[in-house]
Novice: 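Before I ask anything, let me first share the structure, which is written out below as structure tokens.
Below, all heavy atoms of this structure are taken into account, side chains as well, without hydrogens, waters or symmetry copies. Sequence lines set the chain letters: A, B, ... in the order given, protein chains first and strands last, and positions in each chain run from 1.
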Number of protein chains: 4
Amino acid sequence: MARKTNSEQRRAEIVMALLATMAGHGYEKATIQLIAREAGLAPGLLHYHFKTKAEILLALVKTLAAMSRQRYLALADNAEGATQKLAAYIHARLGLGEGADLKAVAAWVVIGAEAVRQPEVRAVYQDAVREEMALLHELLSACLAEQRKSTAAVPALAAAVLAMMEGAFQLASAAPGVLPQGYAAQTALALVERFIAAEATSGLR
Amino acid sequence: MARKTNSEQRRAEIVMALLATMAGHGYEKATIQLIAREAGLAPGLLHYHFKTKAEILLALVKTLAAMSRQRYLALADNAEGATQKLAAYIHARLGLGEGADLKAVAAWVVIGAEAVRQPEVRAVYQDAVREEMALLHELLSACLAEQRKSTAAVPALAAAVLAMMEGAFQLASAAPGVLPQGYAAQTALALVERFIAAEATSGLR
Amino acid sequence: MARKTNSEQRRAEIVMALLATMAGHGYEKATIQLIAREAGLAPGLLHYHFKTKAEILLALVKTLAAMSRQRYLALADNAEGATQKLAAYIHARLGLGEGADLKAVAAWVVIGAEAVRQPEVRAVYQDAVREEMALLHELLSACLAEQRKSTAAVPALAAAVLAMMEGAFQLASAAPGVLPQGYAAQTALALVERFIAAEATSGLR
Amino acid sequence: MARKTNSEQRRAEIVMALLATMAGHGYEKATIQLIAREAGLAPGLLHYHFKTKAEILLALVKTLAAMSRQRYLALADNAEGATQKLAAYIHARLGLGEGADLKAVAAWVVIGAEAVRQPEVRAVYQDAVREEMALLHELLSACLAEQRKSTAAVPALAAAVLAMMEGAFQLASAAPGVLPQGYAAQTALALVERFIAAEATSGLR
DNA sequence: AATGAATGAGCATTCATTCAT
DNA sequence: AATGAATGAATGCTCATTCAT
């Protein structure tokens, strides 16, 4: 049997090394040398598996989006009903704290800033945002429908929840310790629940 | 005999040129050459007025914080009562759209990412966050007190509102057009108002 | 698979290129570009093998000290008796004239001036001076002991001889042709011999 | 009466400021800004009084040579006989220790290194060396003549003494504390005296 | 004479990318 | 696949010199 290539494995290692390096150094200062050291690989090897540094970044954005998705799916499995599913989602996103996550969150913040200037990063970042919006849309619509409320406010509400999440990542990374611990998930949930509770009942009959 | 100093004027020009450049290029790619061109100055002059590029960035963070403060104060003047003051605050922060502001918002997002890795930037960024938190704390406490509600949730609520604001900046800069237009201020206000309305009345009698 | 490292070889080449460049341009004007051209290497490569230019200078100081040591050892091999050993030492240091040596001497003078202001250079320069002093101390003590003379004057005498050597380097580099040719080794030896001859006999019996 | 220009005074201040700055920073790092600050003058003023920085250096070399000359003349006044005059000379050069002198000595060492690469500095440095040699020649010849000794060795002896002086400056500046304190003047004198004592009597009758 | 802002060439250093092995 | 040396363009920063006031 032919020797299996380990390219996929290597690519994943490199992407995770960028994640770790970027969390502490930002994107520009995450040099190929630094990433290679983090990954325990020779610098030249990175360009064997990826044509450019930017390509590694794009792969990382997709990986982070996928990781985020996985986390929700894992928690959503045990959730029943629309409200519980929404809670699972918010906890998946905002119930942070574990080691690897802190780095992922910091990297995500850095990616957000790169998206401001790099069209290619912006494109995949926006894909991730759209996907998130679609998911939130679905979850919130289900919640409102469950309570026979109007779904008119869903787009704005979804946007507000997404903003709260992104902002929480930003503040957790750049101003750690300034905000109260563990406020995020609970408060976000409370805000949404009270908003929904106060929403007018649906015109449908 | 001597020569009148124009340093303050020049420093301000340079800081605004960094703002404009950073909004489109990020911090690292906002080179001294680019900033100088934007300001219409010789590159060397930037280092005559600022020791390092990082120093210009710190000055910018302080300038943006001051600009933000001013904007709230201008709007708050016409506001009466705690609820109107809170609305004025949220509109000052999230009622964006005008030209200069878009750049300031993008620059702020980039600064947030730099704060992740540069301790000195982080320090001034955190000062700005703390100041914002204190202001929000005061505004929310007044709102709740006005309606004789418990103020126990104020810290978490303030953090959530701040996160929503930072996240809105992020999304507006990195994913323009993906989110509904003008959702931010109104939705944020609605979320807070409904949250407060549903809050338990204060134990005080 | 891997690639054989040639770092040691390259580092040595770079150090010798600094030596040659510094002899004619001084340290500050010995730019990385100039050194690279002298070595026939790309400028960037110098920073691949040395972190900073100052680091190349430190390596050069150590190299020159080692070269000096070697030269004495080669000459001392044929010397018999303390007096001949001392003569071998002084000739090793002051019997200059050959091509490579002129450059080494000029570089050493430049290094001496850099030691005035760069603490790290000063440290290694002082190490070299101490080593030289220890060697001179030993040689002079042996000479005096051989002739049953007091060794009380050895420290001052060693210092004077060392100063004469350093000064001869200085004058040979900065005022070539002003001083008589080939005076140095012979006169230094004569001064020391007559000093010893006139020294009081040791109190030991 | 017309207002007297203070140019000469200013020029002297600037030269002394270069002396002080160079002692601690070397020549290249003694920037116009730094020298101006040391002198308490505006940077632009330096180029009003001197066309280039190199011109200040040349003036300094001449000033130091003149200072050195003055010091000998002051001490020589009280000296009687050739031997005492020689002792006065050596003490004038090597009897260091006072504050201003340490800086002058360090600056002289730096100048010696600059003379290696700057032809114009080398020229005035060599003038100073020649003048010193002539003086030493005269003093040593007188000493030998006084004792009816051959003066054949004078050139080599003068060169050796000059080298010892320059080397003592170098070592005092770049390796302070490594050599015994106050060895220089005494040992130099002793070496010369014993050399002369052992010299053959003059063929003259 | 004096000031201090302005200029621009030159420097050490960084770094993505390439390439011979 | 893998290594690590090599390249060279780009960057922040320095600094002698100039100049308007």
Novice: In this structure, how many angstroms lie between the C1' atom of F:dC13 and the NE2 atom of B:His49, rounded?
Specialist: 16 Å

Novice: Atom NZ of C:Lys4 to atom P of F:dT3: distance rounded to whole Å?
Specialist: 17 Å

Novice: Pick from C:Lys103, C:Glu38, C:Arg37: which one makes a side chain to side chain contact (heavy atoms under 4.5 Å, CB included) with C:Thr21?
Specialist: C:Glu38

Novice: For a quick test of reading the model, state the closest non-hydrogen atom pair linking D:Ser173 to D:Ala106 and the distance between them.
Specialist: OG-CA, 3.4 Å

Novice: Would you mind reading off the distance between D:Phe50 atom CZ and E:dA1 atom P, rounded to a whole angstrom?
Specialist: 13 Å

Novice: In whole angstroms, how far is the P atom of E:dC19 from the CG atom of A:Leu46?
Specialist: 17 Å

Novice: Measure the NE2-CD1 distance between B:His49 and B:Ile14 for me, rounded to the nearest 0.5 Å.
Specialist: 5.5 Å

Novice: Measuring to OP1 and OP2 of E:dA5, would you say a side-chain N or O of B:Thr5 lies under 4.0 angstrom away?
Specialist: yes

Novice: For residues 108-117 of chain B, pull every pair meeting side chain to side chain donor-acceptor pair (under 3.5 Å), keeping only residues two or more places apart or in separate chains.
Specialist: B:Glu28-B:Arg117, B:Trp108-B:Glu166, B:Glu114-B:Arg117, B:Glu114-B:Gln118

Novice: Report the distance from atom CZ of B:Arg10 to atom P of E:dG4, rounded to the nearest whole Å.
Specialist: 16 Å

Novice: Rounding to a whole Å, what distance do you find between D:Arg37:CZ and F:dA16:P?
Specialist: 13 Å

Novice: Between D:Ser7 and B:Ala42, just flag the one whose closest nucleotide in DNA chain E comes earlier from the 5' side.
Specialist: D:Ser7

Novice: Is it the case that the side chain of B:Arg11 and the backbone of B:Phe50 share a donor-acceptor pair, with hydrogens and angles ignored and the cut-off at 3.5 Å?
Specialist: no

Novice: Contact between B:Val15 and B:Lys62 at the side-chain level, heavy atoms closer than 4.5 Å - yes or no?
Specialist: no

Novice: In B/S/- notation, 5' to 3', how is nucleotides 12-18 of chain E contacted by protein heavy atoms closer than 4.0 Å?
Specialist: SBBSSBB

Novice: With side chains defined as the heavy atoms from C-beta onward, is the minimum distance between A:Thr31 and A:His25 less than 4.5 Å?
Specialist: no

Novice: For a stem of at least 3 consecutive Watson-Crick or G-U pairs with distances under 3.5 Å, i pairing with j, i+1 with j-1 and so on, which stems involve DNA chain E?
Specialist: E:2-21 with F:2-21

Novice: Measure the distance from CD1 on C:Ile35 to C1' on E:dG10 and round it to the nearest whole Å.
Specialist: 15 Å

Novice: Mind calculating the distance between CG (D:Leu41) and P (E:dT3) to the nearest angstrom?
Specialist: 7 Å

Novice: For A:Ile111 and A:Met22, run side-chain contact (heavy atoms from CB on, under 4.5 Å): C-alpha distance rounded to whole Å, both residues' side-chain angles, the deciding distance at 0.1 Å, then the answer.
Specialist: CA-CA 9 Å; A:Ile111 286 167; A:Met22 236 172 69; 3.5 Å; yes

Novice: Contact between D:Glu120 and D:Leu57 at the side-chain level, heavy atoms closer than 4.5 Å - yes or no?
Specialist: no

Novice: Of the options E:dG4, E:dA6, F:dA1, whose atoms approach the side-chain atoms of A:Asn6 most closely?
Specialist: F:dA1

